[in-house]
Amino acid sequence: MGAKRVIAETGAGQHGVATAMGCAMFNMECVIYMGLEDTKRQALNVFRMEMLGAKVVAVANGQGRLKEAVDEALNDLVANYKNTFYLLGSAVGPHPYPAMVKHFQSIISEESKRQILEKEGRLPDAVVACVGGGSNAIGAFAHYIDEPSVRLIGVEPDQAATISEGVPAVIHGFKTLTLLDEDGNPRPTFSIAAGLDYPGVGPEHSYLHETGRAEYYTVSNDEVLDAFQMLCKTEGIIPALESTHAVAYAIKLAPQMKRDEIIIVNLSGRGDKDVQHVYNLLEERNK
């Protein structure tokens with residue numbers, strides 16, 4: 001392809017770490033764009049990326065979050081397209097990025113489908129995943145989309161509820177449901193999970209919502225913090241705050257279902273990156 005350098009955007013830092021790791025293996029220049037606010041609340045992953053040899057660019061424009069990181073990565077690509085490959089981390093952007101990300105992430109549902117059939121001898125009744133840009137969720141849904149008996153449930157932060165509150169618009173080169181302000185610009189968002197803090201969503205999620213194939217709900221920050229602690233104490237798993245949105249909704253969903261029904265909850269990341277952030281949030285909440 002002729003690319004000598006790789007760039008990426010990242011919110012929670014997980015995609016940035018993976019990109020930096022790949023570039024280190026192949027001795028390629030790596031630049032990761034990350035919102036200034038996110039570099040603070042995901043400092044552990046920033047350090048990981050830098051240890052792996054990547055240059056992390058903290059973007060201070062706007063809210064200093066994921067949207068602004070994508071803005072700067074696209075600006076870099078336009079200026080350096082002859083020698084640069086943009087490794088986009090979510091199921092967003094112009095074609096073919098959403099299709100590429102879905103293809104790679106679909107390994108999640110490919111494996112979960114095979115494993116549930118081996119273990120239970122049947123498909124799950126519901127698959128639940130968090131949704132920001134929507135990469136982990138489209139991967140978790142992919143191999144169940146053509147299985148109408150399986151409910152597909154995406155969970156958004158209530159202050160970045162793109163599907164629940166958005167309208168059709170173009171953002172970062174693709175048309176999808178988007179949160180807009182009164183002037184028609186992308187609306188500021190907030191989530192305690194950096195990877196979900198985005199005013200748009202992958203276009204296939206918009207399609208799944210509009211056709212009714214998938215359901216999308218919201219949870220509050222307090223519900224997420226409670227679910228984070230519950231999973232830690234009951235399962236010995238420290239989940240990423242992004243993934244914990246799915247856990248929080250599953251906690252509400254389970255009592256509505258029969259005891260023999262099955263829910264698959266996609267844990268899209270581990271929470272060591274979030275421990276200090278959660279500590280600070282709980283300290284603030286308990287004052």
Side-chain angles (χ1 to χ4, degrees), residues 5-77 79-80 84-93 101 105 130 132-136 157 159-160 172 188-199 221 224-225 228 232 238-245 267-284:
R5 62 194 291 268
V6 173
I7 63 173
E9 91 297 334
T10 195
Q14 304 289 69
H15 175 64
V17 169
T19 302
M21 189 177 298
C23 288
M25 290 180 65
F26 292 99
N27 193 31
M28 296 186 73
E29 180 184 353
C30 181
V31 179
I32 308 294
Y33 290 94
M34 192 171 189
L36 178 62
E37 179 65 23
D38 292 340
T39 63
K40 298 174 182 177
R41 53 182 175 171
Q42 307 283 223
L44 179 61
N45 273 345
V46 173
F47 184 50
R48 280 195 177 113
M49 288 182 271
E50 292 174 340
M51 284 197 300
L52 291 163
K55 177 183 178 182
V56 179
V57 178
V59 182
N61 303 334
Q63 287 189 282
R65 294 179 180 158
L66 183 56
K67 173 191 168 293
E68 287 74 30
V70 177
D71 289 343
E72 289 305 308
L74 287 170
N75 287 338
D76 184 319
L77 180 63
N80 300 290
T84 297
F85 183 80
Y86 180 12
L87 190 61
L88 213 161
S90 196
V92 300
V101 172
Q105 295 278 20
C130 66
S135 57
N136 94 90
Q159 296 178 63
H172 292 140
T189 58
F190 176 75
S191 172
I192 58 175
L196 305 184
D197 215 342
Y198 185 66
N221 290 335
V224 172
L225 289 173
F228 182 95
C232 289
I238 303 175
L241 280 175
E242 290 77 18
S243 310
T244 310
H245 284 67
L267 293 186
S268 56
R270 58 192 235 187
D272 53 340
K273 68 182 182 61
D274 292 316
V275 170
Q276 184 63 49
H277 183 42
V278 170
Y279 175 84
N280 294 338
L281 290 168
L282 291 173
E283 284 281 291
E284 184 66 27

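Hydrogens, waters and symmetry mates are skipped; everything else that's a heavy atom, side chains included, is used.
- Considering Gln63, Arg41, Lys67 as possible partners of Asp197, the one that fulfils the side-chain hydrogen bond (donor to acceptor under 3.5 Å, both in side chains) test is Arg41.
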Between Val6 and Glu29, is a side chain to side chain contact (heavy atoms under 4.5 Å, CB included) present by the stated rule, with each step listed? CA-CA 6 Å; Val6 173; Glu29 180 184 353; over 6 Å; no

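- Between the CG atom of Asp76 and the CD1 atom of Ile7 there is a distance of 4.0 Å, given to the nearest 0.5 Å.
- Asn45 contributes a side-chain N or O that, together with a main-chain N or O of Ala12, makes up a donor-acceptor pair within less than 3.5 Å.
- A salt bridge does not link Asp71 to Arg65: none of the charged side-chain nitrogens sits closer than 4.0 Å to a carboxylate oxygen.
- The distance from atom SG of Cys23 to atom CE of Met49, rounded to the nearest 0.5 Å, is 12.0 Å.
- Remark: side-chain polar atoms of His277 are paired, donor with acceptor, to backbone N or O of Ile192 under 3.5 angstrom.
- Checking Asn136 against Gln105 by side-chain atom types alone, no donor-acceptor pair falls below 3.5 Å.
- Of all heavy-atom pairs spanning Pro239 and Leu267, the tightest one is CB-CD2, 4.4 Å.
- Note that OG1 of Thr19 is 10.5 Å distant from CG of Leu52, once rounded to the nearest 0.5 Å.
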Can you list the steps and then say if Lys273 with Val17 is a side chain to side chain contact (heavy atoms under 4.5 Å, CB included)? CA-CA 11 Å; Lys273 68 182 182 61; Val17 169; over 6 Å; no

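- Residues passing the side-chain hydrogen bond (donor to acceptor under 3.5 Å, both in side chains) test with Glu50, sequence neighbours excluded: none.
- Put simply, CD on Glu37 and CD on Glu68 are 11.0 Å apart, with the number rounded to the nearest 0.5 Å.
- Around CG of Leu225, the count of heavy atoms belonging to other residues, nucleotides or ligands within 6.0 Å exceeds 12.
- In the model, Glu284 has no side-chain atom that pairs as donor or acceptor with a side-chain atom of Asn280 under 3.5 Å.
- Considering only heavy atoms from C-beta on, Leu196 comes within 4.5 Å of His245 through its side chain.
- Ser243 and Cys130 get closest at one heavy-atom pair: N-SG, 4.0 Å.
- When the shell of 6.0 Å around CZ of Phe190 is examined, it contains more than 12 heavy atoms from other residues, nucleotides or ligands.
- Rounding to the nearest 0.5 Å places OH of Tyr198 at 7.5 Å from OG of Ser90.
- Residues satisfying the side chain to side chain contact (heavy atoms under 4.5 Å, CB included) test with Phe26, not counting sequence neighbours, are Met28.
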May I have the step-by-step check of side chain to side chain contact (heavy atoms under 4.5 Å, CB included) for Ser268 and Gln14, ending in yes or no? CA-CA 10 Å; Ser268 56; Gln14 304 289 69; over 6 Å; no

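- Smallest separation of non-hydrogen atoms from Ile32 and Ala54: CG1-CB, 4.1 Å.
- Across all their heavy atoms, Leu88 and His15 have their closest contact at C-NE2, 3.7 Å.
- Scored by the side chain to side chain contact (heavy atoms under 4.5 Å, CB included) test, Glu72 finds Tyr33, Val59, Asn61, Asn75 as partners (sequence neighbours excluded).
- Atom CZ of residue Arg270 and atom CD1 of residue Ile238 lie 9.5 Å apart, to the nearest 0.5 angstrom.
- Checked against ring pair (Phe, Tyr, Trp, His ring centres under 6.0 Å), Tyr86 has the following partners two or more places apart in sequence or in another chain: Tyr97.
- Residues Leu87 and Glu9 approach most closely at O-OE1, 4.2 Å, considering heavy atoms.
- Listed by chain and residue number, nothing satisfies the side-chain hydrogen bond (donor to acceptor under 3.5 Å, both in side chains) test with Thr10 (two or more places apart in sequence, or in another chain).
- Considering only residues two or more places apart in sequence or on other chains, Ala160 meets the side chain to side chain contact (heavy atoms under 4.5 Å, CB included) condition with Pro157, Thr189.
- The two atoms that bring Gly195 and Glu242 nearest to each other are N-OE2, 2.9 Å, heavy atoms only.
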